[in-house]
Amino acid sequence: MMEGWQYGLLLNLENKLPTRALHDLVTLPGQKPVISYGPPGYSASLAAPGFLGRYLVSKLARMGTQVVVPYRDEDEKRHLKPMGDLGQIVSMEWDIRNEGQIAECLRHSDIVYNLVGRDYETKNFKFADVHVTGAERIAKRLVHVSHLNASANGEERVRSVFPNVTVVRPATMFGYEDKLLNNMATWPIWWKLNFGETKIRPVHVIDVAQALANLMSTPQLTRTVSLPGPSTLTYEYLLELVASVTYRAPSRAPVVPKPIALAVARAAQMAWWPLINPDEVERRFIDDANVPGDWNVVGVCPDEVENHAITYLRRYRLAKDYPRPVLFPARPT
Ligand SMILES: NC(=O)c1ccc[n+]([C@@H]2O[C@H](COP(=O)([O-])OP(=O)(O)OC[C@H]3O[C@@H](n4cnc5c(N)ncnc54)[C@H](OP(=O)(O)O)[C@@H]3O)[C@@H](O)[C@H]2O)c1
């Protein structure tokens, strides 16, 4: 079966498959010659190796690209190394406030993916430090990952420094390490805010990773690429989906009024590990932007959440329910 990135290459007729050149052959004294391979792009820097990052590293490594991974915590990048050949995944410690370290991390890369993001503020980093000021410092052939609903402010600041930036705006992603299906399975009460009526367009993290990897083989796109999932679904439907796939009774938790939710979220922020933060509470009331998807530009066809729900949710089943069939609730019309 054709991989998404191969399809992307085919779609892009002007972009011929790379031919080998003399400089692809590296010979070191006393060692075997090494032939570099993969699409032109050759080296990518990927800041930072979170949920989406791990899938993108895997895609890029399979394409033969060398990947530099700036990281802060040893344990956050350890799992990435076996995704590539020896020396293919290079991790480098960095601080997003240190311009020298940023330059060190990015200087050998032909393309930079900025995946730095955080959905809560910390003592050291406010939202603007991470999404605006930090992003402003990173430049090259830059792919800046934002969110479908993000304000254009941060993106405009990045574009003012780097006019050729490709801004990618995925909707909320689902996958093994997501904060969507996992969170719904463990804390359904927080998804009942707004009576579960908020509508989102969930997208598979693998599809977004493939879309980002395909950008390696397309000519530079200086536009915004929106990547919503194929369907618009309410939180209520998604909670029902989680309950039916996990064979757990649907939550009977009451709907928490917004002011109370905000007060709890403010108090929770004082805890060492925030359970929910005020910004998240506000977001639970905001529908995903109703903009058309740009999947044809990146050569990927996004998949429905139902097709993957069991993969990510089976672990929430009781042992006796493990082998039971997968049942879906009826989709609201
Ligand atoms: N998850 C979604 O559903 C979703 C949907 C649409 C868009 N996005 C966007 O996609 C991007 C990646 O999302 P994700 O879900 O992969 O996020 P994630 O798992 O939380 O990973 C975020 C990465 O950013 C790094 N980071 C955060 N604050 C930093 C700082 N002050 N300095 C340096 N590194 C910092 C983290 O490093 P540490 O591990 O060291 O903290 C981590 O590697 C983000 O921009 C996010 O806004 C996400």
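As the structure lists them, so they are numbered: ligands from 1, and atoms in each ligand from 1. Predicted model, so just to flag it, every value in this text is computed and none were measured.
Ion pair Lys179/Glu280 not flagged as a salt bridge, since none of the NZ, NE, NH1 or NH2 atoms sits closer than 4.0 Å to an Asp/Glu carboxylate oxygen.
For the pair Leu227 and Val298, the minimum side-chain heavy-atom distance is below 4.5 Å. Under the 4.5 Å side-chain criterion, counting only non-hydrogen atoms from C-beta, Met173 is in contact with Val203. At a threshold of 4.5 Å between non-hydrogen side-chain atoms, the residues Arg317 and Ile310 count as touching.
When only interatomic distances are considered, the shortest N/O to N/O separation between Trp94 and ligand 1 does not fall below 3.5 Å. Between Ile96 and ligand 1, no N or O atom pair is found at a separation short of 3.5 Å. For ligand 1, one of its N or O atoms has an N or O atom of Phe51 under 3.5 Å away. For ligand 1, one of its N or O atoms has an N or O atom of Val116 under 3.5 Å away.
In the candidate list Asp75, Leu115, Leu180, Ile200, Leu115 is nearest to atom 13 (O) of ligand 1, counting heavy atoms.
Residues passing the salt bridge (Lys or Arg N to Asp or Glu O under 4.0 Å) test with Glu156: none are found, sequence neighbours excluded. Looking at residues two or more places apart in sequence or on another chain, you find no salt bridge (Lys or Arg N to Asp or Glu O under 4.0 Å) involving Arg314.
Looking at Met173 against ligand 1, both its backbone and its side chain come within 4.0 Å, counting heavy atoms.
Close contacts between ligand 1 and Leu52 involve ligand atoms 16 (O) [criterion: under 4.0 Å to a heavy atom]. Distances below 4.0 Å separate heavy atoms of Thr172 from the following atoms of ligand 1: 3 (O), 5 (C). Each of the following atoms of ligand 1 lies closer than 4.0 Å to a heavy atom of Gly50: 16 (O), 19 (O), 21 (O), 43 (O).
A donor-acceptor pair is defined here as one N or O able to donate and one able to accept, closer than 3.5 Å; such a pair exists between the side chain of Trp295 and the backbone of Pro228.
Residue Ser146 places a heavy atom under 4.0 Å from ligand 1. The shortest separation from a heavy atom of Ala171 to ligand 1 is under 4.0 Å, placing the residue in contact.
Between Tyr312 and His204, the distance from one ring center to the other falls under 6.0 angstrom.
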